[in-house]
Colleague: 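To start, I am sharing the structure in question, which I have written as structure tokens.
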Amino acid sequence: MPRLTIDGRSVRVEHGETILDAAHRLRIGIPTLCHDKAFPPFTSCMVCMVCDTRKNRLHPACSALAEDGMEIVTGSPEVLEARRQALELLLSEHVGDCDAPCRRACPAGMNIPLMIRQIAGGNPGAALATVLRHIAIPGVLGRICQAPCEKACRRGRHDAPVAICLLKRYAADFAGGVASGVRCAAASGKKTFVVGSGPAGLSAAYFLARFGHACTVIEAADLPGGTLRSAVPEEDLPREVLDREIARIASAGVVFSCRTALGKDVALDGLLSDCDAVVLAAGVTDPAVLKAMGLDAGDKGIRLDSATLSAGRRGVFAAGAVAGVGGRMAVRTAAEGRAAAVAADAFLRGGACVAAKRFCSVVGKLEKADMDAFLSEASSGGRVAPAGGKAAGFTAAEAREEAARCLHCDCRKVESCRLREHSTALAATAARFKGESRLPVTIRRQHAEVIYEPGKCIKCGLCVRATEQESEKLGLAFIGRGFDVRVDVPFGETLADGLKKAARRCVEICPTGALAFERGDDPSVEAGNADAVGGDQ
Amino acid sequence: MDLKEIDAIIAVAGKTREATIPILQAIQAKYNYLPQEALRRVCETTEITPAGIAGVSTFYSQFRHKPAGKHVVKVCIGTACHVKGAENLHAAFHRHLKLADGEDTDAGLNFTLEKVACLGCCMLAPAVQIDNAIYGPVDPTQAGAVIGDFLASLESRGESGGDGMAEGAAGEVRICLCSSCVAGGSAKTRDAFAREVAALRLPVALRGVGCTGISYQTPLIEVLDGSGKSYRYGKVGEEDVRQILLHHFSPPGMARRLGAGCSCVLDRILTDEAWEPVGRFAVDTDGGGDGAYCGPQRRIATENSGEVDPLDIDGYIRLGGFSALKKCIEGLTPEEVIGEIKESGLRGRGGAGFPTGEKWGFVWAARGAKKRIICNGDEGDPGAFMDRMILESFPFRVIEGMCIASFAVGSNEGHMYIRAEYPLATKRVREALRICEERGFLGKGIMGSGHSLSLKIVEGAGAFVCGEETALMAAIEGRRGMPRIRPPFPAQSGLWGAPTLVNNVETYALVPWIMRNGSAAFAAMGTENSKGTKAFALAGKVARGGLIEVPMGITLREIVDRIGGGVPEGRQLKAIQVGGPSGGCVPAHLADTPVDYHQLVSAGAIMGSGGMVVLDDTDCMVDISRYFLAFTQMESCGKCTFCRIGTKRMLELLTRLCDGRGAKGDVEFLEKLGHSIQKGSLCGLGKTAPNPVLSTLRYFREEYEAHVNGFCPAKKCKKLIRYRVTDKCIGCTRCAQACPVDAIEPKPYSRHEIDAGKCTRCDVCRQACPVEAIEIADEKTASGGG
């Protein structure tokens, strides 16, 4: 039996086992894309590179046999660079956005296309749950948000953007703002304070609670809401809507302590001695006062550490105008509140401070053919205006009609794509090996459940082999060779003919968004992901 | 469509997956493309799946899914043809055939225009094949004439007679019939000899023989006058045949002789041709010419070249053929044979140079009831044609080598994989196999021994990557020719899982000589780690190119100067490209590098399979790199990321450089990506694909930098140059007449001008100009732009 070392640890393997098998025995992770246990190795993506230091040779771990005496390293700069290059070469021909333009434009990073699909599918409760993963006050923002998402909406270049903000408000108002399936993480035993209850403070508090931490909001005024209550006109934001949002936040476990001012009624030192973390979200504050509290503050307020969002004292975080200029979009301030909660959560769990910037593929400039592909399944109707006026919002029928206008230019596997996962982990970029030209956006909708986007295919052939294994009559085949090789149904038949029984298997085995369910990622995948680690940034 | 025809094809080829490629080839032979209805029928009636047939039929470049024209024009874009202007030639045919942009077939379905990686006629560069006729060298102005000649020949084509062997012949005329010589007109010459010999009733035997490798003199004939003297004539055309015959032989009877002389004179009068003494054609046997060409060579794989008819098994036996096999199976154990091959120091001639004896030892020792051997005849290096020539000229030698190998490793079943572009080689080998079976050199109980071997031909379908052994085996098994990771090596688990020996054609061809003469004799030639001889296809900018076989250790300079006769006058040796798309350029100052596996690698090249292209100062190294990379990129199987996308990105970058769209940092980027592809690719094709770029970057970096700045020092890259008429112009209008795009207005007796906007830089005008009044300037300087 061969014995080898991986990252300095010795392991004995059976004859015929690969380096990847050996690494699994040691629980050492190696990224793969083209590999699946159900099939013999194919050796296509080359993302699983490791180095045998004896000969300084790179091997694809999924296929190279573990040999006696090998001295494998999996994390050297050379190995990581090789993996990154393999990913970047794949990304250089990748056609498709990970996140849709609307979501990229949203300061809160809300999963807008998923919300719209859920509304279109007649499930506003699920849509609200989707919104609440990133936005604590959707009813408020559904009324006062300046909607940068709509300026980015691709549909806007065809006729008019999808009425995202009104759709969000529809979801938030549906059934009195009760979302389906929203849970808080198990209690962490940690205690936190949030100072201030404007959009930043409410958001920070809500998400600290969702992440499982006990949270008390300190508010100097009589009622929580900050500038939302004091500065926004009643006709723009009816106060019962604000109260309803605060009630939902309270129902997540947040305790509000009003008529309590920091620096007067309580001191920062006092709060810190009584809890594990503090998020400052008290709005515009005199820098001298902040400095006096021992925080790192300049003319524009608290200077946050860009990586940890720390305010200059251990366990203190900040969001909103206290850490920058005031008067910005409410949604941005709300997003900062969430970000502070994420940073505090990471701090409380002793993990890496803040997750690395998530990789996001971008199609770039659209040609007519690309636009046509996006338009192919959307309703052709114009933007729907609420019959009862803007103040009334959408009726259910109007919401569904408007939702049908969405082009769904996001990736259906926005959470489960392994190309994205590895690209994020290795900080890969698509620009490095950018090609002279790219394929047009192509979205093949020939199947009841599955869509195929050839531009996202990495030619690993897992689906080809899956259809063969499932004895699919037509199945999928490699067509052509070399750079232009593609995967398609033989004889130019439709996807429905090719995938009569292996559709689910193909979607699940496809490492990218090339083959996906039309309805998108299983929402539970995203929820689990988001709640466990503080969610996508 | 009559599906019975498809069923008949299946009945012959079989119903298993391994029959996929033969079935597709048969369908295409019948319909000249692959009608979908036929493919569906195949799936209905065999175990071949739709995904399988779709994958295979789109992988190999031989297969077409759209109807082709009645005739196929194949412009060779092999290395030698490339440096002699194949791209311009292709464009000329495209224009002449009035093909629409992006189309390869004319509306009337008469002609289909294709590019082909290598026709193996490097000495006729640039060469064009129309159906089975090869033309070369063809310059772009001749596209119309070539098509015209081809159409005319269709009408007058008649089957030529037999080989014209006369009973009781007093003399003999030997004509090389390899593809190069046939392309150079040797078949026509042979027919002319047959006609004349019959007409003159001369006691002369005509014999087609294997290649001598002196391609630069093609068609080459040798006359044995009956007294034992031999005379060689090069470049013999039909019109010279009678002269040569009458020079050496007398027709029976005075009257005949007179008659012959009369008609000959009459011919000349009628055709009003200048009468040239026949001596003009005689190949100079001492000094400078043939003698020098042959002098430094040492022929083992190509032993007895030009002496025996390729399919004359008795001739082969007379010269020692099959004695090595006899020696092995009658007197030696497999271990002893393997020991002898090990002792000889023979290394694989396919490119990588793995020790042959060791490989045989692995297969011999491998567990497995059934073992297989394969002859890799998928030579695909665009600029090499040694294997083709060996298969065409010495099929028995290769078969004998395989017999010995099969005896040594204990295999009874073998495949000979021959690439699609070599129909003559396939035909000869097929016939040779039949003859060997008939004579007991193949089949059950070879030469009365207990050893048996059956050999089968597998025809490739057009994929360079199938030269890689695991891809080759995939092709034989009827799959897409995609390599897999090694280990397991074929010696452990090869064709259908059996331990398999894979050697290349030249390697097998060397084996009989080694076993006959002993390993010591072989090991006596060469250097410490490179023994014996190596065949090369010498081409490019040399006076005398051709197929050569040299002892290891000879320097590149000796090959270029002594065998090749040096670069043409007035030009300077710039580099020698060795190893084709996997190899590199050895610069002139390192021309004293010996032919040796290690030393060639140190110099940045590889031994390779035998491509050797000589480059002079008019060759642009960036263009050469781009050419090779375009080749490997096109031939990438598309499996692994680094090769599939990496080579594409490198090619795009090189194209930008050649187009003057380079940017600072491009050269460094290219270098880094090249190293990544070397390290990260799955198989040899990808791992070696960056070599041509990296080796030229090593020695000619300043040329790359010049391209970044918008200049092509060799004045080769079209976007970076401009054609100009100098004041030497005499106003003869020839350039204007020759220009295919009307970029020159004819102005008799005054200086002409070239419209740079219309000009396609095809070089036709410069070649047409009788007074060298057309010069090539830098585009950047000429246009005054920055």
Side-chain angles (χ1 to χ4, degrees), chain A residues 16 33-34 40-47 49 56-60 62-65 67 78 81-83 85-90 92-93 432-437 458-461 464 467-468 471-486 488-493 498, chain B residues 36-37 39-40 43 49-61 65 462-463 465 479-488 632-653 655-656 661 669 672-673 675-683 686:
Chain A
L33 288 175
C34 70
F42 188 60
T43 335
S44 158
C45 73
M46 298 292 174
V47 170
M49 285 295 193
N56 193 27
R57 273 188 60 184
L58 293 174
H59 295 287
C62 73
S63 332
L65 294 176
E67 288 172 15
E78 189 198 19
E81 173 63 13
R83 290 179 186 172
Q85 283 189 10
L87 286 170
E88 288 177 336
L89 286 167
L90 290 171
S92 74
E93 62 159 7
R432 184 150 163 224
F433 298 113
K434 193 169 164 33
E436 292 269 290
S437 58
I458 60 161
K459 286 83 175 176
C460 69
V464 175
T467 56
E468 189 184 356
S471 304
E472 191 72 79
K473 191 162 181 291
L474 274 170
L476 295 169
F478 278 122
I479 306 290
R481 76 166 183 224
F483 181 76
D484 299 321
V485 68
R486 63 195 164 86
D488 217 328
V489 184
F491 304 134
E493 298 282 3
Chain B
Q36 200 184 89
E37 212 183 330
L39 302 187
R40 286 181 188 265
C43 296
T49 62
I53 209 161
V56 169
S57 68
T58 58
F59 183 87
Y60 298 96
S61 57
H65 290 262
V465 67
R479 294 184 282 125
R480 292 165 60 85
M482 297 199 287
R484 61 158 172 81
I485 198 166
R486 300 175 305 177
T632 30
Q633 195 271 323
M634 192 171 69
E635 294 293 340
S636 166
C637 79
K639 186 175 183 182
C640 76
T641 301
F642 282 98
C643 180
R644 181 172 70 85
I645 309 176
T647 57
K648 173 82 173 177
R649 298 294 175 244
M650 275 184 92
L651 178 62
E652 286 176 346
L653 214 155
T655 304
R656 285 207 292 275
R661 293 183 289 125
F669 188 82
K672 185 157 190 228
L673 179 56
H675 286 297
S676 301
I677 295 169
Q678 275 185 332
K679 285 202 130 186
S681 294
L682 171 62
C683 82

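Here is how names work: the chains are called A, B, and so on, in the same order as the sequence lines, proteins then strands, and each is numbered from 1.
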Colleague: Below 4.5 Å from any heavy atom of chain A, which atoms of B:K679 appear? Answer side chain, backbone, both or neither.
Modeller: both
Colleague: May I ask you to test the A:E81-B:K672 pair for a side-chain heavy-atom distance under 4.5 Å?
Modeller: yes
Colleague: Might you work through the side-chain contact (heavy atoms from CB on, under 4.5 Å) test for A:R481 and B:E635, ending with a clear yes or no?
Modeller: CA-CA 8 Å; A:R481 76 166 183 224; B:E635 294 293 340; 2.9 Å; yes
Colleague: Find the one option among A:D488, A:L87, A:L65, A:V47 whose heavy-atom pairs under 4.5 Å with chain B are most numerous.
Modeller: A:L65
Colleague: Where is the tightest heavy-atom contact between A:F42 and B:K639, given as atom of each residue plus distance?
Modeller: O-CE, 2.6 Å
Colleague: For A:A477 and B:A51, which heavy atoms make the closest approach, and how far apart are they?
Modeller: CB-O, 3.5 Å
Colleague: Does B:Q678 have more than 12 heavy atoms from other residues, nucleotides or ligands lying within 6.0 Å of its CD?
Modeller: yes
Colleague: B:R479: which residues meet the side chain to side chain contact (heavy atoms under 4.5 Å, CB included) condition with it, sequence neighbours left out?
Modeller: B:R17, B:A474, B:E477
Colleague: Can you tell me which portion of A:E472 sits under 4.5 Å from chain B's heavy atoms? Options are side chain, backbone, both or neither.
Modeller: neither
Colleague: So which atom in A:A82 and which in B:F642 form the shortest heavy-atom distance, rounded to 0.1 Å?
Modeller: O-CZ, 3.5 Å
Colleague: Let me know if B:C643 has heavy atoms under 4.5 Å from chain A in its side chain, its backbone, both or neither.
Modeller: neither
Colleague: Hey, what do you get for CZ (A:F433) to CD (B:E652), rounding to the nearest 0.5 Å?
Modeller: 12.0 Å
Colleague: Please flag which part of A:I458 lies under 4.5 Å from any non-hydrogen atom of chain B: side chain, backbone, both or neither.
Modeller: backbone
Colleague: Would you say the side-chain atoms of B:S636 pair up with the backbone N or O of A:G482, donor to acceptor, closer than 3.5 Å?
Modeller: no
Colleague: Between A:L474 and chain B, which part of the residue has a heavy atom less than 4.5 Å away: side chain, backbone, both or neither?
Modeller: both
Colleague: At a heavy-atom separation under 4.5 Å, does B:L653 approach chain A through its side chain, its backbone, both, or neither?
Modeller: neither
Colleague: Tell me, side chain or backbone of A:E78 under 4.5 Å from chain B's heavy atoms, or both, or neither?
Modeller: side chain
Colleague: Heavy-atom pairs under 4.5 Å with chain B are the metric here; pick the option from A:G475, A:G461, A:A86, A:G492 that has the most.
Modeller: A:A86
Colleague: Could you measure the distance from the CD atom of A:E88 to the CG atom of B:L673? Nearest 0.5 Å is fine.
Modeller: 11.0 Å
Colleague: Taking B:H65, B:R40, B:R484 one by one, which has the highest count of heavy-atom pairs under 4.5 Å against chain A?
Modeller: B:R40
Colleague: Please step through side-chain contact (heavy atoms from CB on, under 4.5 Å) for the pair A:V485 and B:R644, ending with a clear verdict.
Modeller: CA-CA 9 Å; A:V485 68; B:R644 181 172 70 85; 4.0 Å; yes
Colleague: What part of B:M482 is in contact with chain A, defined as an atom under 4.5 angstrom from a non-hydrogen atom: side chain, backbone, both or neither?
Modeller: side chain
Colleague: Could you grab the distance from atom OG of B:S681 to atom CG of A:L58, nearest 0.5 Å is fine?
Modeller: 11.0 Å
Colleague: Please tell me if the side chains of A:P41 and B:I485 come closer than 4.5 Å, counting only heavy atoms from C-beta onward.
Modeller: no
Colleague: How many angstroms lie between atom CZ of A:F491 and atom CD1 of B:I53, to the nearest 0.5 angstrom?
Modeller: 6.0 Å
Colleague: Within this structure, what is the CG-OG1 distance for the pair A:L89 and B:T641, rounded to the nearest 0.5 Å?
Modeller: 7.0 Å
Colleague: What closest approach, in Å, do B:P487 and A:E67 show between heavy atoms, and which atom pair accounts for it?
Modeller: CG-OE2, 3.6 Å
Colleague: Measure B:S61 against the heavy atoms of chain A and call it side chain, backbone, both or neither at under 4.5 Å.
Modeller: both
Colleague: By a 4.5 Å heavy-atom criterion (distance strictly below it), what part of B:T49 contacts chain A: side chain, backbone, both, or neither?
Modeller: neither
Colleague: Taking all atoms of both residues into account, what is the closest heavy-atom pair of B:A54 and A:I479, and its distance?
Modeller: CB-CD1, 3.9 Å
Colleague: Which answer fits B:Y60, side chain, backbone, both or neither, if we ask what part of it has an atom under 4.5 Å from a heavy atom of chain A?
Modeller: backbone
Colleague: With rounding to the nearest 0.5 Å, note down the distance linking CD in A:Q85 to CD1 in B:I677.
Modeller: 9.0 Å
